[in-house]
Amino acid sequence: MSEEKSLNFLEEIIEDDLKNGKYKSILTRFPPEPNGYLHIGHAKSICLNFGLSKKYGGKTNLRFDDTNPVTEETEYVDSIKEDVKWLGFEWANELYASDYFEQLYNLAVRLIEKGLAYVDDSSAEEIAKQKGTPTQPGARNEFSNRSIEENLKLFLDMRLGKYRDGEKVLRAKIDMASNNMHLRDPLLYRIKHAHHHRTGDTWCIYPMYDFAHGQSDSIENITHSICTLEFIPHRPLYDWFIEQLGIFPSHQYEFARLNMTYTVMSKRKLLQLVNEGHVKTWDDPRMPAIAAMRRRGYTAEAIREFCDKIGVAKRENLIDLSLLEFCVREHLNKIALRRMVVFDPLKVVITNYTDMTELLKIEDNPEDENTTYREVAFSSGIYIEREDFMEIPPKKFFRLFPGGMVRLKGAYIIKCDEVVKDDAGNITELRCSYIPESKSGSDTSGIHVKGTLHWVSVKHAATAEVRLYDRLFTEENVADAEGDFKNYINPHSLQIVETVYMEPCLHEAKFDERYQFIRKGYFCLDKDSSEEKIVFNRTVGLKDTWAKEAKKS
RNA sequence: UGUUGAAUGGUGCAAUGGUCAGCAUACCAGACUUUGAUUCUGGUGACAUUGGUUCGAGUCCAGUUUCAACAACCA
């Protein structure tokens with residue numbers, strides 16, 4: 001129980017609250033607005049909220065903040081639920097702010113009765129102007145002097161649909177001179193004659209965020225309402241409502257949202273990428289959306305580990321994308337089945353192997369103590385990777401070159417005897433000889449080679465399409481870069497290799513399986529696969545110190 | 001020239017007045033390797049700044065500087 005690991009500031013608060021008896025158990029909530037797909041930034045919030053309640057024996061509600069009918073849709077509700085589940089969390093209750101519309105209306109009435117809210121006929125522009133600026137106080141208008149009775153009547157009329165959109169709003173009566181702009185008589189209700197995804201047409205007035213979120217927390221008896229930094233200035237308002245209404249005192253705490261290098265995280269920008277065709281869909285594997293990452297082959301374990309590693313604090317941050325990639329590799333290394341796939345084939349004829357075919361047993365995963373084995377067909381005609389051969393090798397190159405020897409993974413050591421070229425001087429084929437005593441697992445040749453290559457037998461190979469992804473943006477800090485963020489879209493974020501040559505068992509690849517194409521990276525089956533064509537996504541590449549070395553010279 | 005919040009290696013997170021300021025990742029070097037992967041070893045590298053309190057300050061106090069958020073009938 002007594003972990004040495006230090007606590008983050010929220011854990012400290014919670015442990016304090018539990019120790020002092022402020023609460024017997026905690027209740028948190030994850031409150032998405034169903035107007036878009038969840039992304040990796042939400043994953044941080046999900047892991048935090050669900051993680052805290054799990055750690056301290058509490059519960060977490062999933063509550064949809066659905067107070068703006070014009071942007072919200074059931075489609076998003078479904079995707080959000082799927083993503084949270086996939087990440088491995090279970091909510092105690094599935095709830096909706098719209099469930100509380102009647103209660104919220106009554107709370108608003110109570111504020112009016114206390115003389116703390118009034119109906120304002122001003123236009124949006126007028127209200128904005130009357131608010132002043134952060135350095136200049138605002139001023140009340142004549143509508144703020146309406147009687148309680150009149151306000152009650154007008155608010156009811158608003159509800160009854162007697163006014164058009166924008167004709168009237170309900171505002172709290174707080175302090176037009178406050179340093180905090182959110183306390184300058186904030187809007188509570190606005191009129192929207194719009195169809196709501198759950199309440200249909202029963203309402204034409206909808207509460208604003210500030211008059212829905214905190215009250216929903218309170219109704220549910222949320223103990224710790226955890227949100228991002230930009231809500232700090234809302235907290236005095238959050239507390240004001242609780243005090244004035246005398247409802248359950250939920251408390252709001254703020255942490256810094258996740259930012260990641262080479263990535264944008266705002267729903268607006270992500271939506272723009274989809275709508276303008278820079279990516280194909282929300283679940284395009286280049287997107288930071290949870291659905292996209294799932295499709296790309298990221299595991300929930302890896303994402304949870306990532307969220308754990310980045311920690312929780314109150315300072316703005318920009319997390320290296322490479323940390324996410326590290327977490328993914330770390331998990332995939334443990335679970336991925338090893339397979340051999342040649343992307344850019346160079347034919348090798350093993351001249352002394354004649355016309356035999358052998359089935360070689362090769363382990364599925366050397367990282368797994370209980371690894372299973374598969375059989376891979378070996379014959380005299382194989383493909384190797386074109387880049388694994390060089391006619392004039394640079395120093396430190398220990399792959400194949402004329403007169404050189406390498407091991408074929410799981411098979412034999414071969415020696416390059418001859419390079420065959422076409423009339424244009426292109427290398428078309430290598431003629432090699434194999435060392436019969438060097439068979440993998442029973443090598444008595446005594447020969448030690450530095451390089452091991454992956455390969456596939458030409459006549460046994462299956463084919464597939466492979467999609468290679470790179471970061472979506474060329475700029476590390478996209479938000480801070482000058483001008484339109486779309487100027488920094490990486491034109492090479494998707495590279496398609498139409499035909500790769502795979503060892504035959506990949507023909508039966510499964511969706512829930514993860515693969516490491518040896519020396520190539522981690523891959524998974526894409527949903528675009530069909531009977532005619534198998535499609536693989538590269539989740540993430542392997543670390544490649546040779547590529548780094550080669551780049552130096 | 002308001003209010004609020006935040007300043008620790010490249011990045012992120014710790015150190016709760018007391019040894020050479022840790023951990024992870026990234027980067028560099030080396031070992032091992034039938035994946036130039038994994039694994040292992042070592043290394044470079046930080047308390048924004050000034051003053052004060054104290055035997056002792058990253059931590060407490062004051063000032064300065066920098067960054068961020070805030071004036072949507074969005075959340």
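Reminder, nothing fancy here: chain letters follow the sequence lines and each chain counts from 1.
Backbone-only engagement by A:Phe326 is indicated by non-hydrogen atom pairs under 4.0 Å involving sugar-phosphate atoms exclusively. A:Lys439 comes within 4.0 angstrom of a nucleotide base, judged by non-hydrogen atoms across all strands. Nucleic acid contact for A:Thr545: sugar-phosphate only, since backbone atoms but no base atoms lie under 4.0 Å from a heavy atom of the residue. Looking at heavy-atom distances under 4.0 Å, A:Ser178 makes no contact with the nucleic acid at all. At the heavy-atom level, A:Thr228 lies nowhere under 4.0 Å from the strands shown. Residue A:Glu367 is classed as a base contact, given a heavy-atom separation below 4.0 Å to a base. At the heavy-atom level, A:Ile518 lies under 4.0 Å from base atoms of the strands shown. In this structure, A:Lys192 reaches the sugar-phosphate backbone alone: every heavy-atom distance under 4.0 Å involves primed, P, OP1 or OP2 atoms, never a base. Residue-level contact check: A:Thr135 touches the bases, meaning some heavy atom is under 4.0 Å from a base atom. In this structure, A:Phe306 reaches neither bases nor backbone, as no heavy-atom distance under 4.0 Å exists between it and the strands shown.
Nearest nucleotide to the side chain of A:Arg407, out of B:A68, B:U34, B:A37: B:U34. Residue A:Lys543 places its side chain closer to B:U38 than to any other of B:A71, B:U35, B:U38. Taking every side-chain heavy atom of A:Glu230 into account, B:A69 is the closest of B:A69, B:G36, B:A24. Which of B:G36, B:C73, B:U34 sits closest to the side chain of A:Lys409 comes down to B:U34. In the set B:G5, B:A75, B:G36, the nucleotide with an atom closest to the side chain of A:Phe398 is B:G36. Distances from the side chain of A:Arg338 to the nucleotides B:C70, B:C74, B:U35 place B:U35 closest.
For A:His234 against B:A75, a side-chain-to-base donor-acceptor contact under 3.5 Å is present. If you check distances only, the side chain of A:Ser440 does reach the base of B:U34 with a donor-acceptor pair under 3.5 Å.
Using a 4.0 Å cut-off, no side-chain N or O of A:Arg268 falls inside it from OP1 or OP2 of B:A72.
Taking atom P in both B:G18 and B:C27, one finds a spacing of 35 Å when rounded to whole Å. Taking atom P on both B:U25 and B:U39, the two are 9 Å apart, rounded to the nearest angstrom. Look at the P atom in both B:U54 and B:C28: the space between them is 49 Å, to the nearest Å. Rounded to whole Å, the separation between the C1' atoms of B:G43 and B:U50 comes to 34 Å.
Residues A:Asp210 and A:His182 have side chains that never bring a donor and an acceptor to within less than 3.5 angstrom of each other.
Atoms NE2 (A:His454) and C1' (B:G36) sit 13 Å apart, rounded to a whole Å.
Annotation: A:Tyr238 is not in aromatic contact with A:His251 [ring centroid separation under 6.0 Å not met]. Not less than 6.0 angstrom separates the ring centroid of A:Phe64 from the ring centroid of A:Tyr76.
Of the nucleotides present, none pairs with B:U59 by Watson-Crick or G-U wobble criteria with both distances under 3.5 Å.
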